[in-house]
Structure formats: structure tokens, C-alpha cells
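Keep in mind that what you see is a predicted model, and the values were worked out from it rather than measured. All ligand and atom numbering here is 1-based and tracks the order in the structure.
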Amino acid sequence: MTTAATVEEAAPQAGLLAAFESALAEDSRIEPRDWMPDAYRATLIRQMAQHAHSEIIGMQPEANWISRAPSLRRKAILMAKVQDEAGHGLYLYSAAETLGVGRDELLDKLHAGRQRYSSIFNYPTLTWADVGAVGWLVDGAAITNQVPLCRCSYGPYARAMVRICKEESFHQRQGYELLLALSRGTEAQHAMAQDAVDRWWWPSLMMFGPPDTESGHSEQSMAWKIKRHSNDELRQRFVDICVPQAEVLGLTLPDPALRWNEERGAHDFGDIDWTEFHEVLRGNGPCNEQRITQRRTAHEQGAWVREAATAYAAKQGTEHGEVR
Ligand SMILES: [Fe+2]
Ligand SMILES: [Fe+2]
């Protein structure tokens, strides 16, 4: 009896898996109501949650400078950018909800340290020039990572990324323009821009994740077409994009080994300090504690807003005769 039941269950499962695999092979999208392997769903939830968490934690280092922006124009730009990041978090939490996981659950995991956000946001923004370096390098690295995600096999994630990438490209440009203004300014302003680039360059290269030889999830994610390029490929692409931009900026990238390799048609660059990367990942970066504490506090202080919004929505529903 058990055997018969197992066979009956196994048959449609095999058909579903075949349909899933042929959708991947044809490069068509997997949608929320489609059958998908549990591990595919779990991988997407992990990645999209980490991405959403990074968007909202990433608001902190930049919001740090809103009240100290040097002009009304700069303040308006920075406020718009930080607000965009909140919006990115919203799209991504909503996209993750289509996989059957609630926003509350994801936020609880973030606050309990059970899900990660990008390590880059555990570095401090020490000067105004850091706002420029973050825009140019951190948002720039994010775009390099995220443009291929617009072709990710999971439909809601891919569509969210299209809009996010458009906004990220504005973020990257505002950072670049800010650094250019400082670089062409007084000697002290130029030095401040150079110092920011010196501090953000290596951490931004780490944003692409560990080298391909050590990356645990990569192969399966590539097979599922969640990921389209390896960590090292994307990192190389980013370096090649940044070198000519740094020249226009009149700033130096802090890597004596950085040079054009004619044979490879790409830039060679120095070794990344992976010990630092793993330390920050383990929670020992300069701001890990501060970021998560601030996030928890903001969440607790916002409880009344969520309660009021829920009560309002329930009231509207009742008034319109809906059953809740
Ligand atoms: Fe963003
Ligand atoms: Fe951004």
C-alpha cells in the first residue's frame, strides 16, 4: 500500500520536475504558481531576503550624512537616494512574499542575526566624500551584480530588478558627480575624495563574494539560472569599468598591482584580503553591532505605525463590506 502511494506521488512529481527543467532550458520564467523544487525556492528566499535586508540596512550609512549635506541640492539628492533604497527593500520583500514567506518572518530573522545583509554596510561613512564613494563604488558594484539578475529565472525577482537597476544607475552617477566636484575642488577636498576611495575600493571588490574556487552556492545557482555569471567574472567586469572612470575623476585606485593585461584584454589586480571579508561576515566589522541595533530600534519604534496601518486597512475593508 505504501509502495502504491509512493508511486502515485512520484509520477506527477517527475512530470513537474521535467516541466520546471524545460522552462529553464527555454529561458522562460518560473512564476509563483508554477511548481518548483524546494531547494530552488529556499535558495531564492535566502538570496532575495539578503538582498532586501541589504537595501534597508544600506540606508543607514548614507542617512548619516543627510543632515550634514553641504547644500540644499546635495541634501535633496541624498534624501531621494536613501528613500529609493527603502523602496528597493519594499519591492524585494514583496517579491519574496510570492514564494510564501512573510515580511515579518524575514525581518525577525534579520533582527535575530539568522539572515545576512551585504557586509559592505558594516563600514562607516566617515566624511562627506564617503557619500560619493559609496554611490560610485558600492552602487556601481551593486549594478554590476544586479543587471544580470534582470534575466533571473524567477519572474517576480527579475522584474523587481529591472526597476531597481534603473534607480541604481542614478545612484551611481550622483556618487560619481559628487566625487568629481570634490576632486576638482580645493586641495583638501581632493584629498578627502582620495581618502574615501582608498577606504571603499577593496570592500567594494569583496561585494562580489568569495572567489569562484570557494563559493559554495554558485554552481547550483548558475544551473537554475538565478545567477548568470560567476563572482570572479563580475568582479573583473567591475574593475575594468572603474579604471577609466577613476582616471577621469583624477583619483587613484589604491592597488599598486593594478595594470592592463593585453593578453587577457582585462586589468590584473592585487590580492583581496579575504581574512578581513570573513571577519566582517562573522560580525567583527567596524559597524555590525551599530547597524543591527539601529535596525531593531527602528523596527520597535515603528510598531505603532504598522498597527495603525493594519487597523486602518481593516476598517476600510469593513466599510466596503469585505470580510477580513
Ligand atoms: Fe538599492
Ligand atoms: Fe542604490
Side-chain angles (χ1 to χ4, degrees), residues 44 46-66 69 73-97 103 106-107 110 115-125 128-152 154 156-180 196-197 199-201 203-209 226-227 234-235 237-238 241-242 245 287 291 294-295 298:
L44 276 169
R46 182 183 54 80
Q47 182 171 334
M48 289 160 75
Q50 178 167 334
H51 194 161
H53 299 332
S54 304
E55 299 286 355
I56 60 165
I57 295 272
M59 295 167 72
Q60 293 183 32
E62 292 190 284
N64 177 34
W65 282 94
I66 291 177
R73 175 175 173 264
R74 293 290 178 197
K75 192 191 284 266
I77 294 171
L78 185 55
M79 280 172 67
K81 180 192 191 267
V82 173
Q83 207 166 14
D84 279 356
E85 305 300 5
H88 297 173
L90 283 180
Y91 311 155
L92 288 164
Y93 286 121
S94 301
E97 281 176 338
R103 195 176 304 180
L106 297 181
L107 285 172
L110 168 67
Q115 275 178 345
R116 285 185 169 144
Y117 56 88
S118 176
S119 272
I120 193 78
F121 301 118
N122 291 315
Y123 290 87
T125 42
W128 170 250
D130 286 30
V131 172
V134 168
W136 177 42
L137 297 172
V138 176
D139 290 281
I143 297 170
T144 312
N145 254 328
Q146 290 170 7
V147 165
L149 285 174
C150 298
R151 293 188 298 124
C152 160
Y154 188 57
Y157 193 26
R159 289 188 288 273
M161 291 320 300
V162 172
R163 184 155 165 193
I164 290 178
C165 284
K166 283 185 186 155
E167 292 175 351
E168 291 302 350
S169 105
F170 150 71
H171 298 171
Q172 192 266 358
R173 282 179 220 182
Q174 68 82 35
Y176 188 82
E177 195 256 351
L178 194 165
L179 280 181
L180 190 64
V197 169
R199 283 179 291 106
W200 287 95
W201 173 247
S204 68
L205 291 191
M206 294 176 199
M207 282 176 72
F208 296 91
I226 295 174
K227 226 176 135 103
L234 292 169
R235 189 169 8 247
R237 186 178 296 179
F238 178 67
I241 290 170
C242 288
Q245 293 181 344
C287 301
R291 300 289 184 239
Q294 195 170 333
R295 175 88 270 288

* Check whether any side-chain heavy atom of Leu234 lies under 4.5 Å from a side-chain heavy atom of Arg237, and answer yes or no. => yes
* Going through the distances and angles, do Tyr123 and Arg199 end up as a side chain to side chain contact (heavy atoms under 4.5 Å, CB included)? -> CA-CA 9 Å; Tyr123 290 87; Arg199 283 179 291 106; over 6 Å; no
* Asked: Looking at the Fe ion (ligand 2), is one of the N, O or S atoms of Asp84 less than 2.8 Å from it?
  -> no
* Asked: What does the angle at the Fe ion (ligand 1) come to, between atom OE2 of Glu168 and atom ND1 of His88, rounded to 10°?
  -> 100°
* Looking only at heavy atoms, what is the nearest atom pair of Ala141 and Ser204, with distance? -> CB-O, 4.0 Å
* Structure fact -> Closest non-hydrogen atoms of Glu55 and Leu92, given as atom of the first, atom of the second and distance, are CG-CD1, 3.8 Å
* **Asp139: its N/O/S atom lying closest to the Fe ion (ligand 2) (atom name)** => OD1
* To do: Apply the side chain to side chain contact (heavy atoms under 4.5 Å, CB included) test between Tyr93 and each candidate in His51, His53, Met48, His88; give the one that qualifies.
  => His53
* Do you know which N/O/S atom name in Glu55 is closest to the Fe ion (ligand 1)? -> OE1
* Structure fact -> Which atom of Glu85 is nearest the Fe ion (ligand 1), counting N, O or S only? It is OE1
* Asked: If you look at His171, which of its N/O/S atoms is nearest to the Fe ion (ligand 2)?
  -> ND1
